[in-house]
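The structure under discussion appears below in the form of structure tokens.
Per chain, numbering begins at 1; letters A, B, ... match sequence-line order.
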Amino acid sequence: MHVVLAHTPDGVQLTPLNDDGTPAPDRAPQTLTLATLPDAVAQLEPEAPRWVWDDTSRWYPALLSAGVRVERCVDLRLSHVILRNSAASASSELANSPRGHWDTAAVALSTVTPEAALFDFDDAPAHGDDADPVTEFRAQRIAVATAPDPARLGLLLAAESAGALIAAEMRFAGLPWSEHRHDELLTSLLGPRPRPGTRPALLDAVLARVRDELGAPELNPDSPNDLLRALRAAGMIITSTRSWDLKQIDHPAIPPLLEYKKLSRLLAANGWHWLDTWVADGRFRPDYVPGGVVTGRWATSGGGALQLPKQIRGAVVPDPGWKLVVADAAQLEPRILAGLAGDTRMAEAGREDFYEGIVATGAVATRAEAKVAMLGAMYGATTGESGRLMPRLTRAFPQAIAHVEAAARAGERGEIVSTRLGRSSPLPGEDWQQAQGDAYGPEAGEAQQKRALSAARSWGRFTRNFVVQGTAAEWALCWMAGLRNRLWQLGEHMDDTQNGFTDRPHLVFFLHDEVMVHAPEHLAERVADEVRAAAVDAGRLIFGRMPITFPVTCAIVDSYADAK
DNA sequence: GGGTCTTGCGCG
DNA sequence: AAAGCGCGCAAGACCC
């Protein structure tokens with residue numbers, strides 16, 4: 001059963017439907033107030049319906065605040081974006097109708113906090129006819145059913161929607177964060193928290209050494225212009241102030257300067273100000289944005305949750321009596337490539353440690369070489385060590401390399417490419433099309449042709465990587481969705497005293513190919529088993545019986561810093 | 001004074 | 001000047 005939730009002027013319309021979108025004969029639609037919605041949802045939830053709503057981030061946080069968890073949903077907005085762009089649904093009515101309500105990002109924007117038990121409909125855009133979720137749901141079902149492979153596209157929409165639930169739940173639960181430990185880390189690296197407008201003592205001391213070595217007492221190290229001038233005045237030949245460039249230079253000012261950059265970055269990005277802004281009541285609650293990246297990866301907004309530097313991961317600590325289970329899908333993208341290409345030789349070689357396996361075939365000499373060569377294949381390297389090693393990979397694994405090469409050529413021609421489950425890449429922009437057109441015009445100059453070729457190659461690198469990164473994102477969604485169900489069942493016997501959601505082991509963090517579970521200590525080992533089992537399931541879901549392994553490294557720790 | 005672009009660096 | 005992919009954020013640079 002599906003139950004569609006629609007926001008109406010007086011409250012909420014609740015419409016039960018059969019799975020094909022036709023009205024459920026034995027169930028009448030109901031109209032409710034927002035205040036009574038959580039109870040109504042909780043009452044129906046034991047039947048495990050798929051809740052159909054326009055945008056998970058608008059409905060689910062308030063349900064979670066009211067203590068209501070749902071097992072399944074359809075996020076119409078996320079699904080619509082996939083179906084609008086997918087080559088697999090390109091001939092559907094949905095994909096060929098004019099852009100409207102479901103294509104506007106406005107539906108997406110939401111800043112509902114778990115604390116605010118209010119639904120966020122104040123800024124809902126004016127509803128036209130096309131905004132009716134029942135109509136949209138039916139259009140989506142048809143688009144999926146008429147696709148060449150409905151099962152794959154259907155799986156993608158289910159996984160994307162599950163991701164939206166998880167994103168809301170992770171924000172609700174929050175990442176356990178010790179403000180005290182964070183402050184200790186900052187103090188040991190930077191010195192005690194300084195008065196506003198002044199540098200911490202240790203940072204100041206490093207800066208003094210830089211100024212001294214450069215003979216520039218007034219240097220503002222945070223100004224690239226100023227810094228560049230000072231470095232040149234000290235005799236260095238240099239065009240940028242990037243750390244990587246500075247490392248090539250032998251000068252006594254460089255080591256303290258690199259240290260200054262490292263520390264000032266920590267202060268600016270994850271210092272006390274960040275702590276005040278993003279951590280409350282021992283939890284870090286970033287705003288996850290499922291589908292926020294074209295490839296299907298998640299983004300976050302605020303708090304930089306996907307860029308937590310290793311330096312401060314020590315501040316992520318479980319509650320007393322709990323553990324963190326930190327799991328990482330080992331060498332995910334190379335495995336995904338082997339699966340996508342159906343390259344059983346590569347899959348076989350990479351069965352355990354992927355890169356050691358490549359070395360064992362004799363394709364390259366060392367693990368480091370194998371890694372660089374694989375990255376080159378997936379990113380489209382043409383120069384450097386990576387570009388040099390790639391031909392050897394091509395000889396050893398022609399099938400895998402041909403797959404990414406084909407994706408690159410398609411992109412160079414301005415065509416779209418698709419992931420395993422059917423998420424398609426965007427078309428290149430107008431500027432790109434214009435540049436390609438110009439290059440073949442009658443009066444095209446050499447510079448124009450060069451520019452067009454460079455743009456074509458660049459887009460080819462994007463599409464090359466899109467199929468791998470995007471399919472890896474699909475795998476990760478399936479992994480996490482499966483894990484979510486397994487974790488819930490693991491806590492099934494528990495009496496949910498406070499909140500049925502946060503009492504049980506639950507997901508608290510996700511980073512592309514890594515997940516973190518906050519688990520009661522006595523369940524931690526079993527959580528680790530479920531993490532591994534869910535990885536096996538995800539591989540089967542996406543690649544069927546193909547013999548690809550997805551090993552997971554799993555650490556049960558008292559601090560995120562101890563995970564690797 | 002305020003908005004946008006650029007630089008630099010964190011993560012996978 | 002371009003350069004192996006995808007991001008977000010802070011602060012300076014730049015412009016009106």
Side-chain angles (χ1 to χ4, degrees), chain A residues 220-229 239-247 257-258 260-271 273-274 277-278 286-313 328-334 336-337 371-390 393 404-405 407-408 411 417 419 423 425-426 447 450-451 453-455 457-473 475-476 509-516 560 564:
Chain A
N220 172 9
D222 302 319
S223 159
N225 281 355
D226 203 17
L227 185 56
L228 198 58
R229 220 174 301 128
T239 55
S240 97
T241 62
R242 280 190 290 265
S243 292
W244 197 87
D245 291 332
L246 296 176
K247 275 178 196 147
L257 177 55
L258 291 172
Y260 175 86
K261 278 177 166 280
K262 190 90 184 156
L263 292 178
S264 77
R265 163 80 194 184
L266 174 64
L267 175 65
N270 298 98
H273 183 251
W274 180 91
T277 309
W278 291 105
D287 200 358
Y288 296 97
V289 187
V293 178
V294 279
T295 57
R297 276 187 173 180
W298 288 14
T300 54
S301 80
L306 304 185
Q307 302 128 256
L308 290 179
K310 301 230 159 84
Q311 284 165 307
I312 57 154
R313 293 187 177 183
D328 179 292
Q331 304 117 17
L332 178 59
E333 292 197 351
I336 292 291
L337 171 53
K371 187 171 178 174
V372 165
M374 279 305 302
L375 288 177
M378 293 183 298
Y379 293 162
T382 54
T383 61
E385 196 195 7
S386 191
R388 187 170 58 74
L389 289 167
M390 249 196 68
L393 219 52
V404 279
E405 291 295 330
V417 296
T419 59
R423 193 187 307 262
S425 67
K450 254 181 136 166
R451 210 165 55 84
L453 189 63
S454 158
R457 292 262 160 81
S458 173
W459 196 259
R461 286 192 299 276
F462 164 63
T463 52
R464 169 198 294 267
N465 187 249
F466 182 96
V467 295
V468 178
Q469 188 184 117
T471 305
W475 182 91
F509 195 57
F510 169 53
L511 188 54
H512 308 316
D513 60 358
E514 187 180 322
V515 297
M516 193 189 304
Y560 190 15
K564 276 187 199 171

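- Atom P of nucleotide dG6(C) and atom CZ of Arg461(A) are separated by 9 Å, given to the nearest angstrom.
- Residue-environment remark: CZ (Arg451(A)) stays at or below the threshold of 12 foreign heavy atoms within 6.0 Å.
- Taking all atoms of both residues into account, the shortest heavy-atom contact from Ser240(A) to Arg242(A) is OG-N, 3.1 Å.
- Comparing dC9(B), dC5(C), dA3(C) by their closest approach to the side chain of Lys261(A) singles out dC9(B).
- Distances from the side chain of Lys262(A) to the nucleotides dG10(B), dG8(B), dC7(C) place dG10(B) closest.
- Listed nucleotides dC14(C), dG8(B), dG6(C) differ in distance to Arg265(A); the shortest reach to its side chain belongs to dG8(B).
- Residue-environment remark: NZ (Lys261(A)) exceeds the threshold of 12 foreign heavy atoms within 6.0 Å.
- Going from the P atom of dG12(B) to that of dG4(C) covers 22 Å, rounded to whole Å.
- Listed here is the closest heavy atom pair of Thr295(A) and Ala473(A): O-CB, 4.2 Å.
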Do Trp298(A) and Leu511(A) pass the side chain to side chain contact (heavy atoms under 4.5 Å, CB included) test, and can you show the C-alpha distance, the side-chain angles, and the key distance before you say yes or no? CA-CA 8 Å; Trp298(A) 288 14; Leu511(A) 188 54; over 6 Å; no
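- Contact check, Ser243(A) against dC9(B): a side-chain N or O comes under 4.0 Å of OP1 or OP2.
- Distance Tyr379(A) OH to dC5(C) P: 9 Å, rounded to the nearest Å.
- Nucleic acid contact for Val289(A): none, since no nucleic acid atom lies under 4.0 Å from a heavy atom of the residue.
- For the pair Ser223(A) and dA13(C), the criterion of a side-chain N or O lying under 4.0 Å from OP1 or OP2 is met.
- Of the candidates dC5(C), dC11(B), dA3(C), dC5(C) carries the atom nearest the Gln469(A) side chain, counting heavy atoms from C-beta on.
- Closest approach to the Ala299(A) side chain among dG8(C), dG8(B), dC5(C) is made by dG8(C) (side chain taken as heavy atoms from C-beta onward).
- Remark: Asn225(A) is in phosphate contact with dA13(C), judged by side-chain N or O atoms under 4.0 Å from OP1 or OP2.
- Comparing dG10(B), dG6(C), dG4(C) against the side chain of Pro309(A) picks out dG10(B) as the nearest.
- Heavy-atom distances to DNA chain C give each of Arg297(A) and Ser301(A) a nearest nucleotide, and the one nearer the 5′ end belongs to Arg297(A).
- Using atom C1' as the reference point in both dC14(C) and dA2(C), the two lie 24 Å apart (nearest Å).
- Across all their heavy atoms, Glu514(A) and Asp328(A) have their closest contact at OE1-OD2, 3.8 Å.
- Distance, Leu227(A) CG to dT7(B) C1': 12 Å, rounded to whole Å.
- Taking the P atom of each, dA3(C) and dT4(B) are spaced 29 Å apart, rounded to whole Å.
- Atom pair Trp298(A):CH2 and dG8(C):P shows a separation of 15 Å (rounding to whole Å applied).
- Between Ser240(A) and dT7(B) there is no side-chain polar atom (N or O) within less than 4.0 angstrom of OP1 or OP2.
- For Phe462(A), whose side chain is taken as the heavy atoms from C-beta onward, the closest listed nucleotide among dC5(C), dG12(B), dC7(C) is dC5(C).
- The CD1 atom of Ile336(A) sits 18 Å away from the P atom of dG6(C) (whole-angstrom rounding).
- Within 4.0 Å (heavy atoms only), Ala269(A) reaches no atom of the nucleic acid at all.
- Distances from the side chain of Lys310(A) to the nucleotides dG8(B), dG12(B), dG6(C) place dG12(B) closest.
- Residue Val293(A) places its side chain closer to dC7(C) than to any other of dC7(C), dG4(C), dC11(B).
- Within the 4.0 angstrom heavy-atom criterion, only backbone atoms of the sugar-phosphate kind lie near Leu308(A); the bases stay farther away.
- Spacing between atom CG of Asn270(A) and atom P of dA10(C) amounts to 9 Å, rounded to whole angstrom units.
- Side-chain atoms of Ser386(A) and base atoms of dG4(C) include a donor and an acceptor less than 3.5 Å apart.
- The residue Gly387(A) sits apart from the nucleic acid: no heavy atom pair falls under 4.0 Å.
- For the pair His273(A) NE2 and dC9(C) P, the interatomic distance rounds to 14 Å; values are reported in whole Å.
- Smallest separation of non-hydrogen atoms from Ser264(A) and Asp222(A): OG-OD1, 4.3 Å.
- Closest to the side chain of His512(A), out of dG6(C), dA3(C), dG10(B), is dG6(C).
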